[in-house]
Amino acid sequence: MDNNFKISKKTKIVSLESAITDNIKPGNIVFLGGFGHAIPFYSSHEIIRQNIKDLTICRSGADILFDQMIASGIVSKVIFGYIGNPGVGLSHSFRKAVKDHKILLEEWTNYSLILRLHAGRMGLPFIPSKILQIGDMPDNIKYMKTIKCPYTDIDMSAIPALVPDVAVIHAQQADEFGNIQMWGVDGDTIEGALASNKIIVSVERIVDNSEIKKFPDRTVIPAHRVSAVVELPWGAYPSYVTDFYSRDDKHYIEYDKISRDPDLLNYYIDEWIRNIQSIEEYMKLIGKKNLKELQNGMCGLKSNDE
Amino acid sequence: MDNNFKISKKTKIVSLESAITDNIKPGNIVFLGGFGHAIPFYSSHEIIRQNIKDLTICRSGADILFDQMIASGIVSKVIFGYIGNPGVGLSHSFRKAVKDHKILLEEWTNYSLILRLHAGRMGLPFIPSKILQIGDMPDNIKYMKTIKCPYTDIDMSAIPALVPDVAVIHAQQADEFGNIQMWGVDGDTIEGALASNKIIVSVERIVDNSEIKKFPDRTVIPAHRVSAVVELPWGAYPSYVTDFYSRDDKHYIEYDKISRDPDLLNYYIDEWIRNIQSIEEYMKLIGKKNLKELQNGMCGLKSNDE
Amino acid sequence: MMNDCRTLSQNARIAVLAARDLQDEKSCFVGIGIPSDAACLAKLSHAPNLSMIYESGVIGTLPYSPAMSTGSPSIAYNSDMITDSFTVFGELQAGRIDIGLLSAAQVDAFGNLNSTVIGPYENPKIRMVGSGGAHDIACLVPELIILMPHDSRRFVNDVDFITSPGANKEFAETRLKNKLGSGPVSLITDRARFYMSKDGWKLDAPLAGYSYDEATEDLPWDVGKGINNSITISDDLFNAIRYLPYLEAKN
Amino acid sequence: MMNDCRTLSQNARIAVLAARDLQDEKSCFVGIGIPSDAACLAKLSHAPNLSMIYESGVIGTLPYSPAMSTGSPSIAYNSDMITDSFTVFGELQAGRIDIGLLSAAQVDAFGNLNSTVIGPYENPKIRMVGSGGAHDIACLVPELIILMPHDSRRFVNDVDFITSPGANKEFAETRLKNKLGSGPVSLITDRARFYMSKDGWKLDAPLAGYSYDEATEDLPWDVGKGINNSITISDDLFNAIRYLPYLEAKN
């Protein structure tokens, strides 16, 4: 084939505003990506700014992004394996919402939640597993059925598929057509994205398609599955992005204090989320010194150049 | 932690001879890796040289390596989805062995074979699927059971797990501890390796552990799962290895003619397999000019430097 | 002036006719050979956003040269994504790949395909390669297109072995009940396009330049009179063939 | 001269005691905090070939600095492999990871662990983080080691919620029947090591420097008299602590 033949293809690049408006509706089940790494903070904040309500949010291990979503009053249900502030303590907004019966739970474990997404990704109504056969099971997941393995006769849990309406994830790079490249810790991010009907991706940088083709193994979601791509450098702050910036552990520690106090938390949500108009304002809030330190931090730009 | 602290760990590097002798026994189920790409020709030839008999060999899509193993009389059973000479035609040794009832078949499809390995990899006795419900099913897989999905009530195939005794695969590189890195087309290679109880890996090159740590995402099998590592440049010829050398399509085309004729095939097996004492002899047989051309070919060394 | 398809090779004729059925922005699961060529032609003409998915796990590629295997260098080279076979078959089972293209040694009136054996399974006259991914694609894909050179031995009343199930009544019912793909929708030969009806293949129309008699020559099925006079190939599609010179050379 | 463990921080004491149970060439599924620290100490002393697996998918790493999450930079940095969570949990379910280490808010006599709620599930006094991977590890791993600071509120007769199932008779029977892992084998506190018997935790021995009374203080269970006098920590293991300065600093 003629090497120079150019096919003119559709771009998937849109503004963050329309990525969210066009793809997330009230009542949707939304998978939020990022397992410690590459958590889509900034794009999820846009859901809060647009005040899209009655959402069910899901993932295996969730951190303070879930706390912020819950605190903002747009979440009616969580489907999860863990919600906390890893290494710091509890998710206080989650704790309060549960205490005040303001939120519905569907409480799995990390592996069973991943298997739910795995079944969704594979187009299966369920997948068997050995877990969830002993121990206490919350009423909210007692709809799960048991099956007998037709070969070994052992009882197994029939983990039901989970097919989120939309996945929101953050990655290192994409081309304009929507080929997404991510490396470093993934956790259940790709599993959740591929399980979902729509996929919204924010990336640190848009690159040319020729860059994508240099490492096709790094492409984790193919263009035709992606609904929207938004370029959002620092979009995963205060989590981290391998080869871009490190994790702001201090932010997570401070958030523990802040989220214990409703007034402080309101102020935080206004300051860090509701009043923010652009990623540039977000970066300003992070602060130049901090941006530089995080770029120099472990797994940041500099750490990679060693 | 002290950056310079060195832990003295066990090496997994052994000779090809002992990699095969120590890990493959008569009667074993052996998964052979490589899907078009990185087919473990040379290490599998050692199984033929050692004349380890009564083997069951398995994978989804199999090419002329399976033909050679069958022709050598060491295979009593094949578990497969496809056996042929892709883009060229049939596997003549397979065709003859079936005609002469010299081989047992367990005939799946590519996806069901992959699901068998997937179940094995996940520690499940079976995995459900929508396939194998309509169409003809050979008697040799009629032991497969059907189950009812407890949620949707639809009938599904209960694809039984396959846990090979040993996987033999070829990859780009490994460190001495057995961390295996592979990129390019994988097909079901990693699935099959992770499903297996033991894993034997030949690689184009041994690299320092520090090279592995530069791209931990490229590590496809962790050291603790690997039984033996052997350095075998050109070990995947006449298939190819991305960033090393291209596929020798001509060899595949000639093999079609050769494998139709028992005398020619015997001569071929002596020349290319039984009489070969070292990878250097194999390279000599490939020929200097051909080695160079293949390095310059598509997906070869040079193609990567563009 | 109408593009003269009689000047094309047999493979090229199948490829252009099949390419017409591949709409822009769809995703399709393609095998090596004419299926891949057809998708390339569509992509190079009316369907620039067509996504081509190979069972080796390669996505988003336009082969420079004919590939012998779905895992070949010319498929992997310059691709947008290389994932594993498990992932692409999973997408297929999840109904997220729109179209599949298959060929085989034999096809019957309801699109049942055989690539396993000629003769009885236990005592084959010719033992062939087996399903590969063909059975899986035929079961799972929402829309299946079957590609066949017009060779009367390939068109049969009953295939010797149903490797890849078609759309006969019993299968159609199970497909619906068990939420499988709906099966074959069109049969493309180098002379005509057929569509699947309740009663099996019916003629859509011959390829422009071919007569009704040529289109239906030696077919063992009643394919009707055709619903169109002939199928013409657009200039864009016709001209795209020049990007796949091997397709022309290979008759 | 015996290494004086009383000079160590509470966390460091748990970590060295637990490290003893991690044999060379085994693989272990570790969480953040003391489990990870214990595995590091083992690797730096008697178990150089111990494979450490984090649920984030990271394998083969020695964290330079304490990590807050299993997906944190100090876990990912300098690792041998980063795969996905699906893969490592699959290895666990396949029985291919030998040892798991867990901590929790509460533990009972049979090693049932609670990290879900204090108080009733529907009206919790304290709603905690939930299982994470803890339930999965407790069900699937062949050998489970439980790590607990000696804090009498954590040792209970009945946990408020069984997040991670232990080895009571009913569970043990199901474990055997349904081919799960065999569950908890040891409980490590900062004062002693206990092993699981048919009747629940029994004292192996106090950590050297601790008395029987200290080791069993406020425990609500009958842990017996102990089968050894005391557990001394080898020089290699004791000295390895200097590579994890944060472990010492953090009491």
Side-chain angles (χ1 to χ4, degrees), chain B residues 34-37 60-61 63 80-91 94-96 98-99 107-112 114-115 117-118 129-136 138-139 152 154-156 183-191 239-240 242 246-247 249 252-253 297-300 303, chain C residues 32-33 55-58 64-77 82-86 89-90 92-93 112 114-117 121-140 159 161-166 170-171 174-175 177-181:
Chain B
F35 197 95
H37 177 237
S60 61
D63 82 351
F80 70 103
Y82 166 103
I83 303 181
N85 187 338
V88 181
L90 305 182
S91 164
F94 169 62
R95 180 171 59 78
K96 282 178 197 154
V98 171
K99 202 177 179 105
E107 177 157 16
W108 299 86
T109 68
N110 277 10
Y111 189 33
S112 51
I114 291 165
L115 289 173
L117 297 169
H118 196 66
S129 176
K130 295 181 176 179
I131 57 172
L132 297 175
Q133 293 283 304
I134 50 177
D136 286 339
D139 280 342
T152 61
I154 67 171
D155 290 322
M156 307 195 80
W183 56 93
V185 170
D186 147 22
D188 60 349
T189 302
I190 309 311
E191 210 69 66
S239 78
Y240 75 110
T242 290
S246 197
R247 189 176 194 263
D249 285 343
Y252 277 87
I253 292 168
M298 197 174 274
C299 290
S303 142
Chain C
I32 285 308
E55 69 166 331
S56 58
V58 179
Y64 284 74
S65 53
M68 292 171 70
S69 131
T70 64
S72 271
S74 56
I75 302 297
Y77 187 69
I82 303 181
T83 179
D84 52 19
S85 302
F86 171 80
F89 278 115
L92 188 68
Q93 187 168 247
N112 292 301
N114 174 21
S115 53
T116 303
V117 279
Y121 186 84
E122 298 298 338
N123 280 297
K125 259 184 241 164
I126 306 172
R127 169 68 225 199
M128 297 183 292
V129 294
S131 158
H135 169 92
D136 313 315
I137 296 168
C139 287
L140 298 172
V159 296
F161 188 92
I162 303 177
T163 313
S164 307
E170 180 205 337
F171 289 172
T174 307
R175 284 176 180 278
K177 186 163 113 356
N178 291 350
K179 301 187 178 174
L180 309 182

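Throughout, a chain's letter reflects where its sequence line sits, starting with A, and its residues are numbered from 1. What you see is a predicted model; the values in this text were computed from it and never measured.
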If one checks every heavy atom of B:S91 against chain C at 4.5 Å, the contacting part turns out to be neither

Applying a strict 4.5 Å limit to non-hydrogen atoms, the region of C:I32 in contact with chain B is neither

Between C:C139 and B:L132 the two heavy atoms that sit nearest each other are SG-N, 4.5 Å

Cut-off 4.5 Å, heavy atoms of chain B, and the answer for C:E170 is neither

So, the part of B:L115 with a heavy atom under 4.5 Å from chain C: the answer is side chain

Apply salt bridge (Lys or Arg N to Asp or Glu O under 4.0 Å) to residues C:R127 and B:E107 and explain how you reach the verdict. CA-CA 12 Å; C:R127 169 68 225 199; B:E107 177 157 16; 2.6 Å; yes

Interface check, chain C: of B:D136, B:D139, B:V185, most non-hydrogen pairs under 4.5 Å belong to B:D136

Problem set entry | Sidechain-backbone polar pair: C:K177 side chain, B:I154 backbone, donor-acceptor under 3.5 Å | no

Cut-off 4.5 Å, heavy atoms of chain C, and the answer for B:Y240 is side chain

**Asked** Side chain of B:S246, backbone of B:M298: donor and acceptor closer than 3.5 Å?
**Response** yes

Honestly, the part of C:I82 sitting under 4.5 Å from a heavy atom of chain B is side chain

Scored by heavy-atom pairs under 4.5 Å with chain C, the best of B:G87, B:G36, B:G81, B:G61 is B:G81

Check: side chain to side chain donor-acceptor pair (under 3.5 Å) between C:T163 and C:S131: does it pass, once the steps are laid out?
Finding: CA-CA 6 Å; C:T163 313; C:S131 158; over 6 Å; no

In terms of heavy-atom contacts, B:I114 and B:S60 come closest through CG1-CB, 4.0 Å

Backbone of B:T189 reached by a side-chain donor or acceptor of B:D186 within 3.5 Å: yes

Counting N and O atoms only, with roles assigned by atom type, does the side chain of B:T109 sit under 3.5 Å from a partner on the main chain of B:S112, one being a donor and the other an acceptor? yes

When the 4.5 angstrom heavy-atom criterion is applied to B:H118 and chain C, the contacting part is side chain

If you tally heavy-atom pairs under 4.5 Å between each of B:Y82, B:Y111, B:F35, B:W183 and chain C, the highest tally belongs to B:Y111

Applying a strict 4.5 Å limit to non-hydrogen atoms, the region of B:D188 in contact with chain C is backbone

Note: vs chain B, highest number of non-hydrogen pairs under 4.5 angstrom among C:G132, C:S69, C:A67 is C:G132

Cut-off 4.5 Å, heavy atoms of chain C, and the answer for B:S129 is both

Original post:
Does a donor on one side chain and an acceptor on the other come within less than 3.5 Å for B:D63 and B:Y252?
Top reply: yes

- Message: Ignoring hydrogens and geometry beyond distance, is a side-chain donor-acceptor pair present between B:Q133 and C:T174 at under 3.5 Å?
- Response: no

Among C:P165, C:A134, C:G130, the residue with the most heavy-atom pairs under 4.5 Å to chain B is C:P165

From the list C:P73, C:S56, C:G133, the residue making the most non-hydrogen contacts under 4.5 Å with chain B is C:P73

Check whether the ring centres of B:F94 and B:F80 lie less than 6.0 Å apart, and answer yes or no. yes

If you tally heavy-atom pairs under 4.5 Å between each of B:T152, B:D249, B:I253 and chain C, the highest tally belongs to B:D249

Under 4.5 Å to a heavy atom of chain B? For C:D84 that would be both

Most contact-rich option vs chain B, by heavy-atom pairs under 4.5 angstrom, among C:D136, C:L92, C:T116, C:N112, is C:D136

